[in-house]
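Numbers here simply count residues along the sequence, with the first being 1.
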Amino acid sequence: MALVPCQVLRVAILLSYCSILCNYKAIEMPSHQTYGGSWKFLTFIDLVIQAVFFGICVLTDLSSLLTRGSGNQEQERQLRKLISLRDWMLAVLAFPVGVFVVAVFWIIYAYDREMIYPKLLDNFIPGWLNHGML
């Protein structure tokens with residue numbers, strides 16, 4: 001039952017998204033104190049969607065490792081449901097929202113940086129965290 005490199009990669013991605021979420025929530029920004037808090041930002045919503053998606057991927061990988069060769073029909077049925085949930089989440093939420101957020105952010109950033117990411121935010125959000133979130 002050796003871990004496959006893609007399973008290790010999914011765990012690493014999940015941990016990186018969780019660490020970025022923790023760092024993002026630790027930053028005190030004035031906009032977090034207003035209506036909606038950080039949930040009004042599509043980049044934050046995308047970050048949560050990606051973290052949940054990779055959590056489901058890791059759960060699916062662990063379930064498939066644990067149920068491999070058991071022959072239990074109920075476990076196989078539950079694994080198929082989990083796989084279909086993972087596939088649905090990728091097709092409906094994680095991929096479209098992720099591509100939209102990245103594309104729109106960088107298009108607007110190239111057009112006018114101040115419109116989407118003012119230089120004032122460099123004091124609150126370090127550059128590595130900004131690139132890590134996108």
- Query: Between CD1 of Ile83 and SG of Cys57, what distance do you get to the nearest 0.5 Å?
  - Reply: 10.5 Å
- Message: When you compare the side chain of Thr67 with that of Asn72, does any pair of heavy atoms fall below 4.5 Å?
- Response: no
- Does a side-chain heavy-atom distance below 4.5 Å link Ile45 with Val97? no
- Task: Report whether Phe41 and Ile107 are members of the same hydrophobic cluster (ILVMFWY, side-chain heavy atoms less than 4.5 Å apart, transitive linking).
- Result: no
- Note on the structure: Separation between CZ (Phe53) and CG (Leu85), nearest 0.5 Å, reads 9.5 Å
- Please check if Leu62 and Leu79 belong to a single hydrophobic cluster, counting links between Ile, Leu, Val, Met, Phe, Trp and Tyr side chain heavy atoms closer than 4.5 Å. no
- Message: Let me check something: do Phe44 and Tyr117 share a hydrophobic cluster, defined by ILVMFWY side-chain heavy atoms less than 4.5 Å apart, either directly or through other members?
- Response: yes
- Going by heavy atoms in the side chains, are Met89 and Ile49 under 4.5 Å from each other? yes
- Query: What closest approach, in Å, do Pro96 and Ala91 show between heavy atoms, and which atom pair accounts for it?
  - Reply: CG-O, 3.3 Å
- Query: Between Ile116 and Leu42, is there a shared hydrophobic cluster once you connect ILVMFWY residues whose side-chain heavy atoms come closer than 4.5 Å?
  - Reply: yes
- Task: Give the ring-plane orientation class for Phe105 versus Tyr109, where under 30° counts as parallel, over 60° as perpendicular and anything between as tilted.
- Result: parallel
- Query: Are Gln50 and Asp46 side-chain neighbours, meaning at least one heavy-atom pair lies under 4.5 Å?
  - Reply: yes
- Message: Rounded at 0.5 Å granularity, tell me how far OG in Ser64 sits from CD in Glu76.
- Response: 9.5 Å
